[in-house]
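Note that the structure is predicted; figures quoted are calculated from it, not measured. Chain A is the first sequence line, chain B the second, and so forth, proteins listed ahead of strands; every chain is numbered from 1.
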Amino acid sequence: MQIFEYNGSALVAMVGKNCFAIASDRRLGVQLQTIATDFQKIYKIHEKLFIGLSGLATDAQTLYQRLVFRHKLYQLREERDMKPETFASLVSAILYEKRFGPYFCQPVIAGLGDEDKPFICTMDSIGAKELAKDFVVAGTASESLYGACESMFKPDMDAEELFETISQALLSSVDRDCLSGWGGHVYVVTPTEVTERILKGRMD
Amino acid sequence: MIREAMEMPPKGGFSFDLCKRNDMLVKKGLKEPSFLKTGTTIVGLIFKDGVILGADTRATEGPIVADKNCEKIHYMAPNIYCCGAGTAADTEAVTGTHNFCSLSRCNQHVPFYFICLFSANFILQWLFLDMVSSQLKLHRYHTGRESRVVTALSLLKSHLFSYQGYVSAALVLGGVDVTGPHLHTIYPHGSTDTLPFATMGSGSLAAMAVFESKYREGLTRDEGVKLVSEAICSGIFNDLGSGSNVDICVITQGEKEYLRNHMLPNPRTYISEKGYSFSKKTEVLRTKITPLREMVEVIEGGDAMEE
């Protein structure tokens with residue numbers, strides 16, 4: 001039985017024109033039994049930086065608490081928020097520290113950097129960064145997500161179109177995965193506002 | 001709790017906190033996760049004026065292509081570059097400029113008391129920056145000279161040997177220093193070879209076939225770049241673990257040229273022009289819009305004070 005398939009998750013982040021979107025499913029399960037249908041997998045680090053954590057839920061929550069701690073220390077020392085590229089390096093270093101006894105988590109990081117340029121990246125469970133210019137995926141539904149995003153993605157979409165595309169990609173992929181689903185949670189971030197939407201999906 | 005707060009942030013190095021828990025999970029039947037690997041074809045060759053390194057750009061996670069255009073040629077020093085195959089995190093960490101140092105040599109199956117013994121011996125190593133490109137930079141500041149390829153080689157091989165192959169990075173290291181052009185291969189257990197042309201990774205046999213038939217001493221720059229591209233292409237097309245584009249790095253005395261995506265033999269030509277249009281909109285249950293604070297411009301009001 002795979003460790004990443006214990007709880008089940010689906011995460012995707014996409015880049016648009018001066019905006020980004022990050023989406024996750026909402027199920028928390030213990031193998032085949034569903035425990036919760038409103039489980040949060042995307043966390044806010046600061047207003048323009050979000051991190052989604054897939055994989056083992058307990059490691060995801062612990063890792064999130066550690067990252068928030070480090071970011072708060074950074075804010076106190078530097079008197080400003082962390083840039084997404086810096087944050088990605090921080091997450092990568094924290095994960096690689098546990099190289100021989102890793103956290104069973106795959107993060108997806110999305111943020112607006114300097115001059116509101118969107119930044120997305122994902123990592124494997126030991127911190128190998130993978131920067132992308134279009135989309136990144138993680139979780140048990142990742143294989144379907146790769147396929148759906150590859151075909152549905154267009155460069156330079158605006159916020160409305162980006163929301164529609166990422167929602168369609170997420171819902172169609174989780175429909176093909178038993179371990180994730182029960183709706184979707186989408187954040188679309190532009191330089192002026194953050195829109196958080198809950199999607200209705202199949203409840204099975 | 002107070003002690004924990006004082007110990008944070010950690011000084012660096014590998015931490016084995018979760019090893020016991022992970023072992024327990026494995027005993028209960030959980031399979032370990034697979035890491036991002038760079039299946040890879042990486043090559044290097046020495047030509048008349050220097051060294052040419054080449055690599056493909058595919059990163060795999062099991063059978064899935066995770067990254068279609070990743071960078072495998074890593075910077076070590078202005079005159080030294082290194083291509084990496086194996087576990088992606090290991091090649092990035094061992095060549096990159098992380099500020100974490102590595103300590104103990106244990107693997108996760110060693111019992112806890114052993115770890116304590118080892119860490120007592122290696123506490124001094126906590127203070128060194130062990131990641132090689134940072135170490136080379138410090139060495140340059142210390143000596144005031146350009147780095148030599150053999151320095152990078154010794155640092156890499158001793159790091160990899162000390163982890164007994166657990167840091168799974170296979171590297172092709174090349175550069176030009178005062179003593180001339182050099183090309184070396186480094187295996188995950190720490191052994192090295194010095195060669196005029198070298199290939200590593202899952203596509204190494206395909207690339208070596210091209211080199212063995214067409215390599216000769218005293219190649220010009222263009223012939224060398226052409227030969228390296230051919231070798232990488234042979235890896236891309238014949239090896240399943242390698243794919244996408246060709247990256248090349250040409251290093252000569254005093255200058256380097258990093259040709260990212262020098263060749264794109266696998267373009268995506270099948271994209272439909274119409275794109276996707278979704279006739280039925282996604283059903284939204286709840287929407288919450290949070291406006292972001294606007295940046296406040298502070299205008300210098302120096303005049304008022306001066307009066």
For K133(A), is it the side chain, the backbone, both or neither that has a heavy atom under 4.5 Å from a heavy atom of chain B?
neither

Do you know which two heavy atoms are closest between R99(A) and F14(B), and how far apart they sit?
CB-CE2, 3.4 Å

More than 12 non-hydrogen atoms from neighbouring residues, nucleotides or ligands closer than 6.0 Å to CG on L76(A), yes or no?
yes

Are there over 12 heavy-atom neighbours, none belonging to F161(B), within less than 6.0 Å of that residue's CZ?
no

Quick one: of Q106(A), E161(A), M123(A), E193(A), who has the most non-hydrogen atom pairs under 4.5 Å with chain B?
E193(A)

CZ/F104(A) to CG/N22(B) distance, rounded to the nearest 0.5 angstrom?
3.5 Å

Inspect the surroundings of CD in Q168(A) and state if more than 12 heavy atoms from other residues, nucleotides or ligands are less than 6.0 Å away.
yes

When you look at CZ of R80(A), are more than 12 heavy atoms from neighbouring residues, nucleotides or ligands closer to it than 6.0 Å?
yes

Structural part of L171(A) lying under 4.5 Å from a heavy atom of chain B:
side chain

At a heavy-atom separation under 4.5 Å, does D90(B) approach chain A through its side chain, its backbone, both, or neither?
both

Spacing of OG1 belonging to T282(B) relative to CZ belonging to R197(A), to within rounding of 0.5 Å
9.0 Å

Give, for atom NE2 of H185(A) and atom CZ of R286(B), the distance between the pair rounded to the nearest 0.5 Å.
7.5 Å

Chain B heavy atoms under 4.5 Å from T190(A): which part of the residue, side chain, backbone, both or neither?
backbone

Heavy-atom distances under 4.5 Å only: say whether L56(A) touches chain B with side chain, backbone, both or neither.
side chain

Nearest 0.5 Å, what's the CD-OG distance between E283(B) and S167(A)?
12.0 Å

Do other residues, nucleotides or ligands put more than 12 heavy atoms under 6.0 Å from the CG atom of L240(B)?
no

F163(A) versus chain B, the contacting section by heavy-atom distance below 4.5 Å:
side chain

Residue part contacting chain A, namely of I64(B), when any heavy atom lies under 4.5 Å:
side chain

Relative to each other, are the rings of F16(B) and F100(A) parallel, tilted or perpendicular (30° and 60° limits)?
parallel

Can you tell me which portion of K154(A) sits under 4.5 Å from chain B's heavy atoms? Options are side chain, backbone, both or neither.
side chain

Would you mind checking which part of V65(B) comes under 4.5 Å of any heavy atom in chain A, side chain (CB onward), backbone (N, CA, C, O), both or neither?
backbone

Closest non-hydrogen atom pair between G101(A) and C19(B), with its separation
CA-SG, 3.9 Å

To the nearest 0.5 Å, tell me how far D116(A) CG sits from L292(B) CG.
9.0 Å

Of all of V284(B), L25(B), N69(B), which one pairs up most often with chain A through heavy atoms under 4.5 Å apart?
V284(B)

State whether the number of non-hydrogen atoms from other residues, nucleotides or ligands found under 6.0 Å of E78(A) atom CD is greater than 12.
yes

Shortest non-hydrogen contact between A89(B) and G127(A), atoms and distance:
CB-C, 4.3 Å

Can you say whether S142(A) sits under 4.5 Å from chain B via the side chain, the backbone, both, or neither, judging by heavy atoms?
neither

Does atom CZ of R176(A) have more than 12 heavy-atom neighbours from other groups under 6.0 Å away?
no

Atom CG of L18(B) and atom CD of E97(A): how far apart are they, to the nearest 0.5 Å?
10.0 Å

Against chain B, label T192(A) side chain, backbone, both or neither, depending on which of its atoms sit under 4.5 Å from a heavy atom there.
backbone

Would you list the pairs meeting salt bridge (Lys or Arg N to Asp or Glu O under 4.0 Å) in which at least one residue belongs to residues 49-60 of chain A, sequence neighbours left out?
D59(A)-R21(B)

Segment of E150(A) engaging chain B (4.5 angstrom heavy-atom cut-off):
both

